[in-house]
Amino acid sequence: MLKWFRHRYLDLLGSIYIYNEHRGYTAIDRVLEAVRGRYPEDATFIAAVEKHRADERKHYLMFRRWFEAQGIMPVLVDRTCGHIDRFVEIMFRSTIDDLDTREVISRDDLFERLCRVISLTEQRGYKQVEILLRHPLVKADRMLMKIFLVIERDEPSHWEPYDAWLRAHGKREPKWWERAVDTFIHSELLFIKLPVLFLTPRLMRREEWEDSADPATRLASAFDIAA
């Protein structure tokens with residue numbers, strides 16, 4: 001029973017993480033394109049966002065390798081389990097796919113909102129990873145521990161470029177209600193969606209990897225990339 005519980009928990013945990021990592025770097029692709037268009041002279045900002053995108057892609061590949069090692073595909077989860085998906089939907093009243101990125105980047109009020117959303121999402125991710133690194137079920141899986149240690153190392157650099165842009169342009173920090181939205185989304189996933197998935201007898205699995213449609217997909221070892 002304990003073995004089944006552990007496998008079920010880690011299977012769902014990995015499935016939610018691999019979805020969010022893929023969602024992260026594909027969403028940043030659109031932000032990066034817009035940033036390059038509006039701030040072509042800001043090499044530091046562009047390089048920081050490029051690193052953020054590369055790290056999210058690297059994390060996705062590490063989780064993919066973890067599933068491949070087990071000989072299974074991730075459980076099929078969708079945007080209802082995506083932190084950035086839910087945050088964007090609440091703050092912009094639009095899905096990520098329908099969000100007009102060029103309008104967002106062209107207006108300071110919208111771009112600063114997006115910067116706060118990304119920053120809060122990344123900070124939330126860092127706090128969650130710190131918790132998972134102490135979790136006994138996670139600690140029993142050496143490969144998963146290595147993945148989360150890489151994420152813990154990378155994560156702080158992910159919110160800093162957006163916070164730096166806010167400071168450089170005299171924009172405010174997140175208010176209490178924005179932090180409350182972040183907490184609500186996290187709690188919704190942790191206490192409602194994850195238990196529902198856990199108790200659902202038969203869950204569908206992906207038939208192909210999410211990055212199968214990505215251009216120039218690399219199938220090299222994710223740990224070689226992380227080294």
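Numbering of residues begins at 1 and proceeds along the displayed sequence.
A 4.5 Å side-chain heavy-atom check between Phe63 and Leu144 finds at least one atom pair inside the cut-off. Counting only heavy atoms from C-beta outward, the side chains of Leu10 and Val138 approach each other to under 4.5 Å. The shortest distance between side-chain heavy atoms of Tyr17 and Leu132 falls below 4.5 Å. Counting only heavy atoms from C-beta outward, the side chains of Leu13 and Leu137 never approach each other to under 4.5 Å. A heavy-atom distance below 4.5 Å is found between the side chains of Asp211 and Arg64. With contacts defined as side-chain heavy-atom distances shorter than 4.5 Å, the pair Lys58/Asp154 qualifies. Proximity of Trp66 to Ile18: side-chain heavy atoms (C-beta onward) are nowhere separated by under 4.5 Å. By the 4.5 Å heavy-atom criterion applied to side chains, Arg116 and Lys175 are not counted as neighbours.
Here the straight-line distance linking atom CD of Gln123 with atom CZ of Arg179 works out to 6.5 Å at 0.5 Å rounding. A distance of 11.5 Å separates CG in Asp11 from CZ in Arg6, rounded to the nearest 0.5 Å. Separating the CD1 atom in Ile96 from the OG1 atom in Thr101 is a distance of 9.5 Å, to the nearest 0.5 Å. Rounding to the nearest 0.5 Å places CG of Leu194 at 9.5 Å from CG of Leu199. For the atom pair CD1 of Ile90 and CZ of Phe87, the computed distance is 7.5 Å after rounding to the nearest 0.5 Å. Atom CD of Glu210 and atom CG of Leu76 lie 8.5 Å apart (nearest 0.5 Å).
Evaluation of the salt bridge (Lys or Arg N to Asp or Glu O under 4.0 Å) test over residues 124-143, restricted to residues two or more places apart or in two chains, returns Arg124-Asp182.
When atom types are taken as modelled, the side chain of Asn20 and the backbone of Ile16 share a donor-acceptor pair closer than 3.5 angstrom. Arg53 contributes no side-chain N or O that, together with a main-chain N or O of Ala27, makes up a donor-acceptor pair within less than 3.5 Å. With hydrogens and angles ignored, the 3.5 Å screen pairs no side-chain donor or acceptor of Asp163 with any backbone N or O of Ser119. For the pair Arg113 (side chain) and Phe92 (backbone), a donor-acceptor distance under 3.5 Å is absent. Side-chain atoms of Ser15 do not come within 3.5 Å of backbone N or O of Pro74 as any donor-acceptor pair.
Between Arg153 and Pro156, the shortest heavy-atom distance links the atoms O-CD, 3.7 Å. Scanning both residues, Phe198 and Tyr9, for their nearest heavy atoms gives CE1-N, 3.8 Å. When all heavy atoms of Trp165 and Cys115 are compared, the pair lying nearest together is CE3-SG, 4.0 Å. His158 and Asp55 get closest at one heavy-atom pair: NE2-OD2, 2.8 Å. Val150 and Met62 make their closest contact through CG1-CE, 3.6 Å (heavy atoms, listed as atom of the first residue, atom of the second, distance). The heavy-atom pair separating Cys81 from Leu197 by the smallest distance is SG-CD1, 4.0 Å.
Every side chain to side chain contact (heavy atoms under 4.5 Å, CB included) that Arg102 has, sequence neighbours left out, goes to Glu33, Asp100.
Judged purely by distance below 3.5 Å, without hydrogens or angles, the side chains of His59 and Glu56 never pair a donor atom with an acceptor atom. For the residue pair Lys51/Ser157, the side-chain donor-acceptor check at 3.5 Å is satisfied. For the residue pair Glu112/His169, the side-chain donor-acceptor check at 3.5 Å is not satisfied.
Using a 4.5 Å cut-off between side-chain heavy atoms of Ile, Leu, Val, Met, Phe, Trp and Tyr, with links allowed through other members, Val49 and Ile151 fall into different hydrophobic clusters. Neither Met204 nor Val77 shares a network with the other; the hydrophobic side chains, linked directly or stepwise wherever heavy atoms of I, L, V, M, F, W or Y lie under 4.5 Å apart, form separate groups for each. Tyr126 and Met145 are members of different hydrophobic clusters when ILVMFWY side chains are connected at heavy-atom separations under 4.5 Å. Linking ILVMFWY residues whenever their side-chain heavy atoms come closer than 4.5 Å, directly or via other members, leaves Ile84 and Trp159 in distinct clusters. Hydrophobic clustering places Leu61 together with Tyr19 (ILVMFWY residues linked when any side-chain heavy atoms are closer than 4.5 Å, directly or through intermediates).
In this structure, His22 has its ring center under 6.0 Å from that of Tyr25. The ring of Tyr162 has its center closer than 6.0 angstrom to the ring center of His52.
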**Item:** Intermediate values then yes/no, side-chain contact (heavy atoms from CB on, under 4.5 Å), His83 and Gln128
**Value:** CA-CA 12 Å; His83 193 98; Gln128 186 60 38; over 6 Å; no
**Asked** What's the verdict on side-chain contact (heavy atoms from CB on, under 4.5 Å) for Ile185 and Glu89, showing C-alpha distance, side-chain angles and the deciding distance?
**Response** CA-CA 11 Å; Ile185 294 168; Glu89 287 173 9; over 6 Å; no
**Message:** Between Lys171 and Phe111, is the side-chain contact (heavy atoms from CB on, under 4.5 Å) condition met? List the steps.
**Reply:** CA-CA 10 Å; Lys171 307 300 182 181; Phe111 187 62; over 6 Å; no
**Check against side-chain contact (heavy atoms from CB on, under 4.5 Å), Leu110 and Glu103** = CA-CA 8 Å; Leu110 294 181; Glu103 180 185 7; 4.1 Å; yes
**Request:** Start with the C-alpha gap between Arg57 and Asp29, add the side-chain angles, then the distance that decides, and say whether salt bridge (Lys or Arg N to Asp or Glu O under 4.0 Å) holds.
**Result:** CA-CA 11 Å; Arg57 167 71 172 159; Asp29 276 340; over 6 Å; no
**Message:** Checking His135 against Phe148 for the ring pair (Phe, Tyr, Trp, His ring centres under 6.0 Å) test, could you report, in this order, the C-alpha distance in whole Å, the side-chain angles of both residues, the deciding distance, and whether it holds?
**Reply:** CA-CA 11 Å; His135 197 294; Phe148 284 123; over 10 Å; no
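More than 12 non-hydrogen atoms from other residues, nucleotides or ligands lie less than 6.0 angstrom from CD of Glu160. Atom CZ of Arg172 is surrounded by more than 12 heavy atoms from other residues, nucleotides or ligands within 6.0 Å. The number of heavy-atom neighbours closer than 6.0 Å to CH2 of Trp4, taken from other residues, nucleotides and ligands shown, is above 12.
Under 4.0 Å is where a charged nitrogen must lie from a carboxylate oxygen, and between Glu50 and Arg36 at least one such pair does. In this structure, Arg79 does not pair ionically with Asp97, as no charged nitrogen and carboxylate oxygen lie closer than 4.0 Å. Comment: Arg23 does not engage Asp78 in a salt bridge, judged by the lack of any side-chain N to carboxylate O separation of less than 4.0 angstrom.
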